[in-house]
Amino acid sequence: MTTFSVSAVVLLGILLIVFIRNKSMKLGYTILAALFGFFLAKTSAATPIQSFLDQVATTINNLTK
């Protein structure tokens, strides 16, 4: 599921850029969100979140077959 993680990071990065350019999201909030995600990845919550995202990716993959 590494491909999904990289794809999700790229997609979220593009969405953040779009929100910043449209001034829907200020730069400070974007930095705060990125730092929150960075520190969240180091907690015990990271494993259940990753499992959930893996299940969603598997479900979406099975729907397209």
Side-chain angles (χ1 to χ4, degrees):
M1 291 299 156
T2 304
T3 305
F4 176 74
S5 297
V6 172
S7 299
V9 169
V10 170
L11 176 64
L12 291 174
I14 291 170
L15 286 173
L16 286 175
I17 290 169
V18 168
F19 286 146
I20 292 170
R21 293 186 133 230
N22 289 335
K23 299 190 182 189
S24 304
M25 187 172 198
K26 304 287 185 206
L27 182 61
Y29 294 134
T30 305
I31 292 170
L32 181 65
L35 288 173
F36 175 74
F38 178 77
F39 287 113
L40 181 65
K42 292 184 174 184
T43 67
S44 61
T47 303
I49 291 170
Q50 185 63 47
S51 295
F52 172 74
L53 291 175
D54 289 342
Q55 289 175 358
V56 169
T58 302
T59 302
I60 290 172
N61 190 26
N62 289 337
L63 289 176
T64 59
K65 288 183 180 178

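Throughout, residue positions are numbered sequentially from 1 according to the sequence presented. Remember, predicted model here, so these are calculated numbers, not experimental data.
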> How long is the span from the CG atom in D54 to the CD1 atom in I49, to the nearest 0.5 Å?
Replying inline: 12.0 Å

> Which heavy atom of A46 sits nearest a heavy atom of A41, and at what distance?
Replying inline: CB-O, 3.3 Å

Distance-only check: which donor-acceptor pairs under 3.5 Å involve side-chain atoms of residues 13-23, not counting sequence neighbours?
from	atom 1	to	atom 2	distance (Å)
N22	ND2	V18	O	3.4

> Hey, which of T58, T59, I60 is the one that makes side chain to side chain contact (heavy atoms under 4.5 Å, CB included) with N62?
Replying inline: T58

